[in-house]
Trainee: 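Here you go, one structure.
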Amino acid sequence: MANPVLQRELVANLRSPRAFALQAAFLLLLGALVAMAWPSAPRLTLANPEPARRLVDLFFIGQFLLASLTAPVFAAGALTGEKERKTYELLLASALRPAQIVWGKWAAALLPSVLLIVSTLPIVVLCLPLGGVSLYEVLAAYTALLAALACFSLFSLLCSAHFTRTTAALVTSYFCILPPALVGVALWQLLGEWSSGVRLALFLGVLPALSAGACVLFFVLTSRKLWYPSDIGSEGRDIVDEQQELREAVGLVISRDEFPDRLFAPAKRTDLLPDDANPVLDKELRSELFSQGTLMPRVVIQISLLLAVPLMGACLYLIPIFAPWYLAYVLLFNMLTAPVFTAGSVSGERERRTLDLLLVTTLRPGTILWGKLFSGLRVSSVLTMFLMWPVALACVLVPEYYANLPTFAGMLAVVAVTCIVSSVVSLFCSVSFQKSYVSLTAAYLALGCLYLLPPAADYFARTYLSETPAASAVHTAAAASPFSAVFAFPLEVKNPNDPNPNAPKLIRPADWPLVAGYFAAQAILVLLLLAFIQRTFRNRYDAAGG
Amino acid sequence: MIELQNFSKRYGDFTAVENLTLRIGPGELFGFIGPNGAGKSTTIRFLVTLLKATSGQGFVAGFSVGRQPMDVRRSIGYMPDAFGVYDGMKVWEFLDFFAAAYQIPHARRRTIINDVMELLDIGGKRDEQVSSLSRGMTQRLCLAKTLVHDPPVLILDEPTSGLDPRARLEIKALLRELRNMGKTILIASHILTELADCCTSIGILERGKLLLHGPIDDVYRRIQSNRRVEIRFVAVQESNNQQRGIAILRRQPGFVDLQIDGPKVTAEIAADEAALATIVDEFAAEGVRFHSFADLDPTLEDVFMLVTKGAVN
Ligand SMILES: Nc1ncnc2c1ncn2[C@@H]1O[C@H](COP(=O)(O)OP(=O)(O)O)[C@@H](O)[C@H]1O
Ligand SMILES: [Mg+2]
């Protein structure tokens, strides 16, 4: 406890009433969900542990996803924040050893999440008498949860030491954490059905050991980054040399002047801007979006492709009726990338104090905003559409899909609309908040609430509150989410496990009201937000910096 | 060229600038002086259309700041007190970006960029990344940016803050050059010596109130009706040379005060130029020997201290 870094961070983080309010709200929400899902006749279900089991699984997975989402938020800004506030040099020049700094930052980032998770333990223990779940399983789940959290936080801290900007650190950590997190959830589910003994061994023994090993590695790497860092100093900042970076890159490289990379990263200018160009749009695309080097976009692209391959095989070819799941993956990708390229566009100018220079030019606010919106939209939608190629290919290669082409066209439309909505929401956050870091987190939060909450609530309501008016109300609200929309299109394919050509087909029923509601809701949302952005920006611009 | 009528700005209860009325004629180099927090930047941000006034009006080059912001923007080059540069841009790209942002047609941009780079002597940095430039170079680059659309009015907020003495001198020389090109320049600063030798007029702002403004000579005259002369007498051992000189000074009709600092005597006397000549004559007639007789110009510090002291009382 004698670590000054840790002490200062804890004082700053935990003393705020906000931290307590958040924690209380989280526990209340969890308690309410469990209460709602509580089997109405517990005596009877003792014989059939299935509902209780499902409840606890839902509880663990929900917490795990929440922990993987929040861990980077606390850790990714720990060092980049100091760099942005220009206090990094002071910290490094102090008498603290790098290991002490890393340890302090890590513990401080970890503590709020750990507290949150441990405080949910009583709720789970309450569920134990329902049966179906053993104390050992609860123990395994919590051990794995904490081990993963420690590992993810430390990885985010490593990103924070490597990058100059919080946004880059945050995004890179999200994309690197995503695959192991998904694999963890899949293992928990699959092993639970297969053998709980193996699951216990894995989650109580192997996983914590692996995580400890990774933690040691990340800790050493992070501490090493703090010796002679290249990204401090007020003058002559480290300039990212793209050529150099490309030579050292592992795996995929981005070549700005070749197709398809030039779609999202056009080459640097060699000549003056043409007369009809929007200077802001051109500047963003060619100079700014990748000015921090291409490591972050390379990580994003490679991991998304890596995940896409098995998903594509499983959902589009092996089990064609699962096609919407692949689309859900594409949507998730867009949800994670769109804020990266738009949420910092206005707040970033404010942070770097270039906004005034831009605002006193004779560019109209509309021109500036469209430039910002289109540049981010172009990059994120091109990256998202890369993931749609497998769908186009499957439409040609899988004969089952010939009759379903309109459905795929509809899904494509949903993806396109999602690209627009994600970018507009991110721009809205960027205009509304002063700091890019806050704006990015707010954009993720807003998109999470808009896209993920309605289908989750819908699933919950269908499972535990079916046939009640509340359930149908929740189902109507699901129209806000593209994830619900892609599952609402009709799909009719042969059952691959049935060799009989006349066997009944597998059918996903259409939910046209939901589809129509989706498009209408998104159109209204986009128009409202654009009007809001225009107004807010005008106000801000009248009182810039205010 | 720049006019403010009763400009006031309040942030909540706090009044940053109060009832400021000011007029700056064409071709002037106006020094806007005041300590930190006086309200200089607030006034400037209003003039460059970045801030709404609580009350009052402003005009730049004949356009109303509130009603014709686009025309005002076209007429001014603005350099903020703190600013950043874009990442991943080269010096020429940076200038081209702003030239395009001011809607300067492609055909004219190349010449303009070359001209401003030459004027500010940053041609050698043409292909360097803007984020790698030193502080002095960044300052020059920003000054170059304010010139790309050839505005008649330049508004510079603390343009020399954070620069080394040499870079300061270079910026000052540039300002004179720009004034010779016929530009009207408003420059804010809290460093007085910096403005004293290049401004044609000044305004002194403290705690949001404009205490004084006008052409610099006028201001000096108004502030200081008494002259200060500094005389260095020759140190002659046997005769009481210095004492006799001091006696002559003391019997002048306009004599006010006198300080002795070794062989240097500073006297405050209400006198015109003819009266000063009389003193020299009397020294000669009585054989008082001196090797230096100087009519001291008031310094901007004197003016500032005098004016702000008045404000406190
Ligand atoms: N957005 C703001 N909100 C509240 N007070 C402000 C704001 N901007 C400036 N001030 C206050 O107004 C006063 C004048 O500031 P400023 O014009 O920047 O002074 P100067 O440029 O002369 O140093 C300062 O006391 C400052 O604290
Ligand atoms: Mg200022």
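Values below: every heavy atom of this structure, side chains too, minus hydrogens, waters and symmetry copies. Proteins get letters first, then strands, A, B, ... in listed order; numbering begins at 1 in each.
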Trainee: Is any side-chain heavy atom of Arg45(B) closer than 4.5 Å to a side-chain heavy atom of Asp356(A)?
Mentor: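 A side-chain contact exists here, since the closest heavy-atom pair is under 4.5 Å.
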Trainee: For chain A, which candidate among Ala107(B), Ala100(B), Cys142(B) shows the most heavy-atom pairs at distances under 4.5 Å?
Mentor: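 The residue among Ala107(B), Ala100(B), Cys142(B) with the greatest pair count is Ala100(B).
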Trainee: Yes or no on side-chain contact (heavy atoms from CB on, under 4.5 Å) for Arg364(A) and Met70(B), after CA distance, side-chain angles and deciding distance?
Mentor: CA-CA 9 Å; Arg364(A) 306 229 149 241; Met70(B) 282 300 166; 3.5 Å; yes
Trainee: Supply the atom-to-atom distance Tyr78(B) OH to Thr361(A) OG1, rounded to the nearest 0.5 angstrom.
Mentor: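 If we round to the nearest 0.5 Å, Tyr78(B):OH and Thr361(A):OG1 are 13.0 Å apart.
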Trainee: Are any side-chain N or O atoms of Arg73(B) and backbone N or O atoms of Leu359(A), one a donor and one an acceptor, separated by less than 3.5 Å?
Mentor: yes
Trainee: If only atom types and distance count, is the side chain of Asp275(A) paired as donor or acceptor with the main-chain N or O of His106(B) below 3.5 Å?
Mentor: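 The answer is yes, because a donor-acceptor pair under 3.5 Å joins these two groups.
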Trainee: Given heavy-atom pairs under 4.5 angstrom as the criterion, report whether the side chain, backbone, both or neither of Asn278(A) touches chain B.
Mentor: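 Neither part.
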Trainee: Give, as side chain, backbone, both or neither, the part of Glu349(A) having an atom under 4.5 angstrom from any heavy atom of chain B.
Mentor: side chain
Trainee: To the nearest 0.5 Å, what is the distance between CH2 on Trp92(B) and CG on Leu272(A)?
Mentor: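 The CH2 atom of Trp92(B) sits 6.0 Å away from the CG atom of Leu272(A).
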Trainee: Are there more than 12 heavy atoms of other residues, nucleotides or ligands under 6.0 Å from atom CZ of Arg353(A)?
Mentor: no
Trainee: Return the option, out of Pro105(B), Ala99(B), Gly88(B), with the maximum number of heavy-atom pairs under 4.5 Å with chain A.
Mentor: Gly88(B)
Trainee: Can you tell me which portion of Lys145(B) sits under 4.5 Å from chain A's heavy atoms? Options are side chain, backbone, both or neither.
Mentor: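 Contact with chain A is through the side chain of Lys145(B) alone.
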Trainee: I need the residue from Phe97(B), Phe98(B), Tyr86(B) with the largest number of non-hydrogen atom pairs under 4.5 Å to chain A.
Mentor: Tyr86(B)
Trainee: Need one label for Ile104(B): side chain, backbone, both or neither, based on atoms under 4.5 Å from any heavy atom in chain A.
Mentor: backbone
Trainee: Look at atom CD of Glu118(B) and say whether more than 12 heavy atoms of other residues, nucleotides or ligands are closer to it than 6.0 Å.
Mentor: no
Trainee: Do Tyr102(B) and Val360(A) come within less than 4.5 Å of each other through their side chains, counting heavy atoms only?
Mentor: yes
Trainee: Hey, are Arg109(B) and Asp271(A) close enough for a salt bridge, meaning a charged N less than 4.0 Å from a carboxylate O?
Mentor: no
Trainee: A quick test of your reading: do over 12 heavy atoms of other residues, nucleotides or ligands sit less than 6.0 Å from CZ of Arg168(B)?
Mentor: yes
Trainee: Any sub-3.5 Å donor-acceptor pair from Asp96(B)'s side-chain atoms to Leu273(A)'s backbone N or O?
Mentor: yes
Trainee: With rounding to the nearest 0.5 angstrom, report the CD to NZ distance, Glu93(B) to Lys283(A).
Mentor: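 Separation between the atoms: 12.0 Å.
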Trainee: Tell me whether Lys435(A) at atom NZ has more than 12 heavy atoms from other residues, nucleotides or ligands lying less than 6.0 Å away.
Mentor: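 No.
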